[in-house]
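The structure appears right after this line, and notes come after that.
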Amino acid sequence: MNEKQTTSVNGGEGVFDVEAARQKLSGKGGKRYWRSLNELSDTPEFQRWVEDEFPNRSTLLQVNRRDLLKFMGASMALAGLSGCRGMFLPEDKVVPYVRQPEELVPGMALYYATAVTLGGYATGVLVEQHEGRPIKIEGNPEHPASLGALDAISQAEVLNFYDPDRVGSVLNRPTLGYEADVSTWELFEAEMGKILAAQKASGGAGIRILTGSNTSPTFASLMGAFLTAHPQARWHAYEPVGRTNTHQGALVALGGVYDTIYDFTKAKVVLSLDGDFLSPTDNPGSLRYARDFANGRRVKGNKGEMNRLYSVESTPSLVGAMADHRWPAKASEIYSYALAFASALGVTGIPAAGAIKLSPADLAAVVKDLQSANGASIVVTGDHQPPEVHALVQAMNEKLGNFNNTVLHIPAVDVTANPQGSATQVSDLASLVADLTADKVDTLLIIDGNPVYDAPADLGFGKAILKAKNKIHLGQYDDETSFWCEWHLPIAHSLEAWGDARAFDGTASIVQPLMAPLYEGRSAIEVMSMLLGKPTGGYDLIRTRWMAPQTASALPVLDEKAWRHAVHDGVVKGSAILPVQVGVSGNLGGLPAPETTTGLEGMFRADSCIYDGRFANNGWLMELPRPLTKMTWDNPVIMSPATARQHNVKDDDIVMVTSGGQKVKAPVFTVPGHPDDAITLNLGFGRRRGGVVCTIGENGNKLDTLEVSDNDTMGGGGFDAYVFRTQKGATYVGGVTIEKLEENAYDLATTQGHQPLDGNHIPQFEGDDRVVVVEHTLAEFNEKADELVADRKKEYAENDKENLYPDQIFQYEGAQWGMTIDLNTCIGCNACVTACQAENNIPVVGKEAVARHREMHWIRIDRYYSGSKNEPDDTNPQVAWQPVMCMQCEKAPCEPVCPVAATVHSHEGLNQMVYNRCVGTRYCSNNCPYKTRRFNYLNFTDNQRQFNSKLDDKPRIPLLRMINNPNVTVRGRGVMEKCTYCVQRINEVRIESKKQNRDIKDGEILTACQQACPTQTIVFGNIADKTSKVSEMRNDPRAYLLLQELLTRPRTSHLAKLRNPNPEIHSAQTAGAAEGA
Amino acid sequence: MITGQQTYASLDESIGSMVLNQRRHKRAWWIFFLVGIMGTGLLATSITWLVYKGVGIWGNNVPVGWAFDIVNFVWWIGIGHAGTLISAILLLLKQQWRNSINRFSEAMTIFAVMCAGMFPLLHTGRPWLSIYWLFPYPNILAIWPQFRSALMWDVFAVSTYFTVSLLFWYIGLIPDFATLRDKATKRWVKVIFAITSLGWRGSNRHWHRYEQSYLILAGLSTPLVLSVHTIVSYDFAISQVPGWNTTVFPPYFVAGAVFAGFAMVLTFAIPMRKAYGLKDLITMRHIDWMAKITLATGLIVAYGYVLEVFYAWYSGNPNEWDMTFNRRFSGPYAWAYALLIVCNIIAPQFLWVPKLRTNLNFLWVICQFVGVGMWLERFVIIPMSLTAEYLPAMNKMYYPTVWDFAMFGGTIGFFIFLMFLFIRFLPVINLFEMKDLLYKMTGHKSHGDEHGAAELATEGA
């Protein structure tokens, strides 16, 4: 229907415009789900349109023949409208495909390559799709930022996609600060047309666009076109926990805006100055770095080499947990450490270092180690550290000869980073606020950000925004920012829209939709094209951008074949940015020192699960135990045990935190190894709007901020730490005070004990020689690996003697499944936990249930601290991770105790759970020494709303059900469940192999946890096949069976952790490692 | 063993009239009955909510899969043991003094087993399935229960126990029903007791069969006294939870059961004999002997505690010692263990003093200590052991919820409810055995033959 058709219905009373109706109804890709008819019927057009269709007639009998024919004609026309499915026909009938879409076999998953972004930077992914439903996001093995692994946050995007709280339609808010009315894109377009027309004369002087970091070439060129068309308009960028510091540091030191990329494959010695390069929330290349770093620590057989990691860090992080030597320091002190290391490395022209707690001898030893690596070392710092630290780190890396070797530089991937010579200058948030305050802004368009919530408190963004006449927010949720905007536009999720984005190294990916938009969302590029007056679909925009030559771009131009390859592979070949040769040229001595602090220091860090708050409405992430604290649903005030003692507070006490005139009530949680005189305030919590998951305080423990309250009716999981965060104090602020309000008044939901030290290596009594995590130092292991193996064998043999039963229980032929987990490379990142949750339909249970220890994760990562042997050391203990899931014991203690035989052994050695047969006596769980079984105490699966007691009945459940993996049973209440070694994946591969009449190949089956693991810590396979990787790992000298003295014969073995301490360093921390095993 | 000037008629009067003359039940009965009804209502509410909502309304978690549910189950089963011991073992040992207390202690057994039986059924995640999947019925799926599981043994042990106890109790009631039928004045009462007495006429043949079946059931019950709690203790002993896996459990559980059972019999007997003027039938000698048994079994239990600790140390098993040392002697639940020692070991020691044994108020208080102590014992064993096992990362605390207490309180109410119905509508003391005893005591040996006393008893009726 290209030409405009006008069909007149019912004489002259009303004119039914088919084309207009189609536009109204179609949106940009069809309307499959909507919240209610009222949504549409509320608009005057729709009302009129409905009336026109059956104009004031009660029955069709009153329609004369002529009119009836007209209706029929109209119906025929309507039948061709793309947007009409689901409108008149009920869609609750399930019918087989009449014409089966190409490549789609019902029951078989399809995988599509696309990319997800975090803070603008892309990670290539494959999305598993079942009959049109995306159900799981996995890493794309061909993508350099993923290599097949994927972090927890990116995996949880699929839950965001189905989030029923995402706004489904355009919202218009006639009165700011009150609930909005449902509107349409057409109304908004009309409104926007008026605004743009009014601004035309001044060249768009009153238009401001605010975005986050962005790496999309298409978005950049559309924005460029818009700014060309409106030369006086301004583009501002603000990312609450972005890479601004890194870029500024590079600008100071190297004279240009560069992204620094590390090559950990070559690194022998790594010094991290508060740089958590293993966390996706701290570095966009973390998955790749984790793989490379772990490869540098992989030890096989009796001898091996490992890189060495030193970490000086503020908030305990994954890097500190992996470090061979770790020193806690306040975030503000890192600069002094950087100065001290830099001057020791011979960087000249820098100020003298302040006092640091590292002894000169230890410092010299680290420096010597770094220098002896001969250009194969890396000094790294975190994006949150001030630019000065980054500049010093660049200088250190140059001094160490790491440039062009282990440390590479590329022009910044982020298009908002103001690369020099860029046609488009992007200003920061402060200048936007200045313009707003000066009444220069007529129209503010905020694209996918939430500045009212996360802008620095001293900017007063929430007040400044009111100065703009028109405020438009394009976002997923009706959040704090939308609350103060006249228009809220629903943004399409990356799983339902076309787009493009680039990874940390510049590699570009085409983002392709997996599904027609669930709601009326449109992507940012579609909105930009609309602003340009040429509304175009995302597909056309992306394709045009990539297939047409661009003058100011080094990106490859794709032809049809290359385009198809790029879409199929998820990677645009040749798009990685080539490293450039740079040198440190800046005047490091002339740098202003970063802010110093006095008194208690508050350190702001992005939450390791919900990041800056944008994932706060994601139940998987909210309930994901934070690696070090094992905290869920909350961001307590984290401090060291010594600081807690000093302030006379304990875990679960409620304190009043005061800083810069702001007061917040928050619970206390102590973490060993946290620097003293400092508290960590994780960002992203205490949301006032933006969905039911993030805004509900559980247990009646509502912790509202006392000063900032634009909406008192909702509480919030955790507290809002942004209220303390200022422009200068974006990383840390000094002079924070805490005052105890109530003792033991809060129920923090942690999944692993409240005890500061869990006591793995700490004897509970005289003669306690129990060991849960086996660890050695590398030197000790290399020296006497054979001895250690012999000792273990002897011990096992002795234990076996006590066995009353025949040793061989299973003598079946065929594959015997087994798994190994190498504790030496486990970084504790949680990727496996979320992968398991997505794969196995594991429900979110809510804070109250976690507080009662009823979390359902099938895999947990136990965190053990170890200090010196005789004395619990809570100032700086070492950390060991131990992932534990069902160990699939050959002599499983759970099996004989089940009265109804609901847990039985398979001939392939799996300890199987028969859900249908289970009556839920929980005896199996009681008798499981590993406590890996999970019980559905309540109806968790259908109770996704259970942590939401306040909301009216929205159609939440059907939508969330769409996320379920059809190959895994959804468990009801009263049923025991546990890890199955992803039996559905085993069966899938088995069926394939049988069809091809061959054996299952080694490595053909990947369990979900194994697949997601960035460091390839988990290996799964057939242990009956002596040549398989898992057999090799199982027979490694480091392999041990957890609690083997119980003779359960687990099929999962752990491999001992190795530490590689520098023998020249004698600080307290190394003592424990040497005696660890 | 019977005091006062008693005749067969006076025995009929003092016992039988509790059923036939409803005016004997005064306000006290109504108060207790009301408490029982309220408790039963609470139980019904708890069960309804439990089945509707799920086991999650309780405080159980992972690792603590069993908590109040199984604690209460074991406690109630234990309470029942005194009844069986009194009626079966003392019968076989020809302990005549049992006659005045066996009837209501048997009733207590049945009611306690009813309370106990609810828990293992309702503590499952899906009780509607466990009702039949736990029983070995032939089915076309050819799936049998898992006979290796101690829970399976439990099903048999408890159901057998309940069946045998019920039969034993009912058969013992038949001659008394006949007496009541004959004494009743109201027509409908006569009809009811006529039906329940199963046509008992007191003929020689009736008595002969009665004695034989009673003896057989006593013989069946006797091993049950030992077996039921032994098997219940296997639920824990066969597992590998530190603190559960202990060979001392079977005898120690049985002794504990009798200990708690006698404390419960005394708890009821002392007020009842006062309220209904049964001082001549439940004499101070009965009370004294029961107190002595309580003391004796208490000492066995104390010995069990000592052995438990000794073997935790002597075995050299660090997990067992950790459990004993860090979860019992110290740690967050140390108060429970300390209170348990006070209640179960220290408190019964007062019973060495004869004066205190016969001080009814004092004795009753001691019995309450024992009841609390035996409940705490199961609490210490079951959830506390689960809170800290092999992997320190899974050390978790357990906190009960209001529904845990509601269900427990509800069963106590239900028990009171049944007991007070029993007091009002069934003969609480074995009528004919008392007459038999009276016959033997008063030396009416002229009739000579064995059946004389029994005949006399029925004639008296």
Side-chain angles (χ1 to χ4, degrees), chain A residues 630 751-755 758-760 764-765 767-770 772 849 852-855 860 862-864 882 884 893 895-902 904 917-940 972-976 1042-1043 1046 1048, chain B residues 53-66 120 123-131 133-134 143-155 235-236 238-242 244 316-319 321-322 325-326 382 385-386 389-399 401:
Chain A
K630 298 292 165 197
T751 60
Q752 190 182 335
H754 277 150
Q755 304 92 326
D758 292 307
N760 176 43
Q764 298 292 302
F765 45 86
D768 183 1
D769 56 353
R770 289 177 294 173
V772 174
R852 282 213 176 273
H853 308 306
R854 290 171 181 168
E855 65 276 3
R860 61 173 203 265
D862 287 347
R863 167 226 57 204
Y864 291 106
Q882 188 174 50
V884 182
E895 287 171 17
V897 298
C898 174
V900 292
V904 287
R917 181 71 179 168
C918 178
V919 299
T921 65
R922 305 187 290 287
Y923 200 174
C924 51
S925 170
N926 290 344
N927 211 29
C928 172
Y930 309 99
K931 290 286 173 282
T932 54
R933 289 176 158 263
R934 298 286 172 265
F935 187 66
N936 288 279
Y937 274 100
L938 294 163
N939 192 4
F940 293 129
R973 77 145 151 116
V975 174
M976 192 60 79
L1042 191 58
L1043 301 180
L1046 298 174
T1048 52
Chain B
K53 197 80 180 151
V55 195
I57 66 167
W58 293 340
N60 302 33
N61 58 32
V62 178
V64 186
W66 291 348
H123 98 290
T124 59
R126 306 198 285 177
W128 50 93
L129 293 179
S130 56
I131 283 170
W133 278 356
L134 284 169
I143 296 176
W144 292 95
Q146 149 80 279
F147 292 106
R148 287 188 295 168
S149 170
L151 293 186
M152 208 51 242
W153 314 338
D154 245 12
V155 170
D235 288 350
F236 314 105
I238 68 154
S239 77
Q240 58 175 357
V241 179
W244 284 16
N317 183 334
N319 296 307
W321 185 240
D322 186 24
F325 197 80
N326 286 326
I382 299 163
S385 300
L386 290 168
E389 289 184 40
Y390 294 97
L391 296 182
M394 281 306 281
N395 289 4
K396 306 278 174 74
M397 290 289 286
Y398 161 75
Y399 299 103
T401 66

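So that the names make sense, note that chain A is the first sequence line, chain B the second, and so on, each numbered from 1. What you see is a predicted model; the values in this text were computed from it and never measured.
Interface summary for chain B: among Leu1042(A), Leu1043(A), Val884(A), the most heavy-atom pairs under 4.5 angstrom belong to Leu1043(A). Taking Pro929(A), Ala902(A), Ser925(A) one by one and counting their heavy-atom pairs under 4.5 Å with chain B, the maximum is reached by Pro929(A). No other option in Val897(A), Val904(A), Asn926(A) has as many heavy-atom pairs under 4.5 Å with chain B as Asn926(A). The most heavy-atom pairs under 4.5 Å with chain A, out of Ile57(B), Val64(B), Asp235(B), come from Asp235(B). Contact count against chain B (heavy-atom pairs under 4.5 Å) is highest for Arg854(A) among Arg854(A), Arg860(A), Arg934(A), Met976(A). No other option in Val55(B), Thr124(B), Asn60(B) has as many heavy-atom pairs under 4.5 Å with chain A as Asn60(B).
For Asp154(B), the salt bridge (charged side-chain N to carboxylate O under 4.0 Å, His left out) test picks out no residue, with sequence neighbours left out. In terms of the side-chain contact (heavy atoms from CB on, under 4.5 Å) criterion, residue partners of Val155(B) (sequence neighbours excluded) are, by chain and number, Leu134(B), Phe135(B), Met152(B).
Ser239(B) and Tyr923(A) form no side-chain donor-acceptor contact under 3.5 Å, judged by distance and modelled atom types alone.
Note that CG of Leu391(B) and CD of Gln882(A) are 6.5 Å apart. Values are rounded to the nearest 0.5 Å.
Asn936(A) contributes a side-chain N or O that, together with a main-chain N or O of Val975(A), makes up a donor-acceptor pair within less than 3.5 Å. Between the Arg973(A) side chain and the Leu938(A) main chain, no donor and acceptor come within less than 3.5 Å of each other. Counting only distance, with no hydrogens or angles, the side chain of His123(B) and the backbone of Thr921(A) share a donor-acceptor pair below 3.5 Å.
Contact of Tyr399(B) with chain A is made through backbone and side chain together, with heavy-atom distances under 4.5 Å. Both the backbone and the side chain of Leu1046(A) come within less than 4.5 Å of a heavy atom of chain B. Proximity to chain A (any heavy atom under 4.5 Å) is shown, for Trp153(B), by neither the backbone nor the side chain. Neither the backbone nor the side chain of Thr932(A) comes within less than 4.5 Å of any heavy atom of chain B. Using a 4.5 Å cut-off between heavy atoms, Cys924(A) does not touch chain B at all.
The residues Glu895(A) and Arg933(A) are annotated as not salt-bridged, no charged nitrogen and carboxylate oxygen being separated by less than 4.0 angstrom.
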